[in-house]
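Below you'll find the structure, written out as structure tokens, and then a few comments.
Just so you know, ligand 1 is whichever comes first in the structure, and atom 1 is the first atom listed for that ligand. If you read the sequence from its start, that first residue is 1, and numbering goes on from there. Note that the coordinates shown come from a computational prediction; the quantities given were computed from them, not determined experimentally. Just the heavy atoms: all of them, side chains too, but no hydrogens, waters or symmetry mates, feed the values below.
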Amino acid sequence: MAELIDGKALAKEVRAEVKTRADAFRATHNRSPGLHVVLVGDDPASQIYVRNKERAAAKAGIEGRVHRLPAETSEADLLALIFELNGDDDIDGILVQLPLPDHLHDQTIVDAIDPAKDVDGLHPFNSGLLVVGRKGLRPCTPSGCMRMLEHVGCDPKGQRALVLGRSTLVGKPIALMLLEKHATVTIAHSRTEDLAERVRESDIVVAAVGRANLVQGDWIRDGAVVIDVGINRVDDGTLTGDVDFEGAKDRAAYITPVPGGVGPMTIAMLLSNTVDAAEARIM
Ligand code: GUN
């Protein structure tokens, strides 16, 4: 029977650390670390995410501000706002909530963010630092997953780690982070053959595809550590991960629940990145 990795509790711990650092920053520099979030349009899920970020920032001693722009905002206007935020010395972190409306290109907009303020870790400069194994701002969800592994004493060194999904936001960066910790990493995706077999031979499974119950419980190796990044709304309205939790929990040593697993860690790591950015910028 697996032990649950309680993301809510661990996120609380991380947010308390952030608050201590944010308070110390304010005491030294006479201002709080500043995080500005840009939301374009009225996607309901994005609105909830952004509101949660705003609240969490305030509680952690971070000066949070949300810029809500209409869905029809032009690329030029959005870029103008980003350049303004880049140039404001009191702003340490800039996050543009994705996905953007269709007429705006995510990458063009992310590329415009000052890499030193890119608390999402999505700017190609920061991706590059991750690839070469240097310090930099790293994507929040993968950082949260790594923190969860560390929390349960799971050292990836020499372990067979399987990442399902190759997204820029999660799959690719977490594969690099696991590699940095000396795991033997496999990245599986929609074209992968024998997925069940790949899962069966893995000590660490990170599922980040976005398909409910894609990973069957009996594929999980006895004693594996399972990190489920998926958040899928199923027909009865409940949220479920990419892994069949009920089946997997009898086999795994540790498993993250959905909800209450990886989700809360993402915001906590965003706040942590914001304080990292604030400290790095004044050095
Ligand atoms: N939309 C869903 N997840 C994320 C995230 O981590 N960052 C941003 N900017 N948008 C998102």
- Task: Return yes when atom CD of Q159 has more than 12 non-hydrogen atoms of other residues, nucleotides or ligands closer than 6.0 Å, and no otherwise.
- Result: yes
- Task: Check ligand 1 against L95 and write out every atom of the ligand that is under 4.0 Å from a heavy-atom position of the residue.
- Result: 9 (N)
- Short list, please: which atoms of ligand 1 are under 4.0 Å from a heavy atom of V96? 8 (C), 9 (N)
- Query: Would you call S272 and V18 a side-chain contact if the rule is heavy atoms closer than 4.5 Å?
  - Reply: yes
- Item | Non-hydrogen side-chain atoms of H29 and I282 separated by less than 4.5 Å | yes
- Message: Looking only at distances, can you tell me whether any N or O atom of K53, backbone or side chain, sits closer than 3.5 Å to an N or O atom of ligand 1?
- Response: no
- Query: Residues sharing I48's hydrophobic cluster, by side-chain heavy-atom contacts under 4.5 Å among ILVMFWY, directly or via others?
  - Reply: none
- Item | Nearest candidate to atom 9 (N) of ligand 1, where distance is taken over non-hydrogen atoms, out of D120, L98, T266 | D120
- Have a look at P115 and tell me which of N126, L129, L137 forms a side chain to side chain contact (heavy atoms under 4.5 Å, CB included) with it. N126
- Task: Record the part of L169 in heavy-atom contact with ligand 1 below 4.0 Å; permitted values are side chain, backbone, both and neither.
- Result: side chain
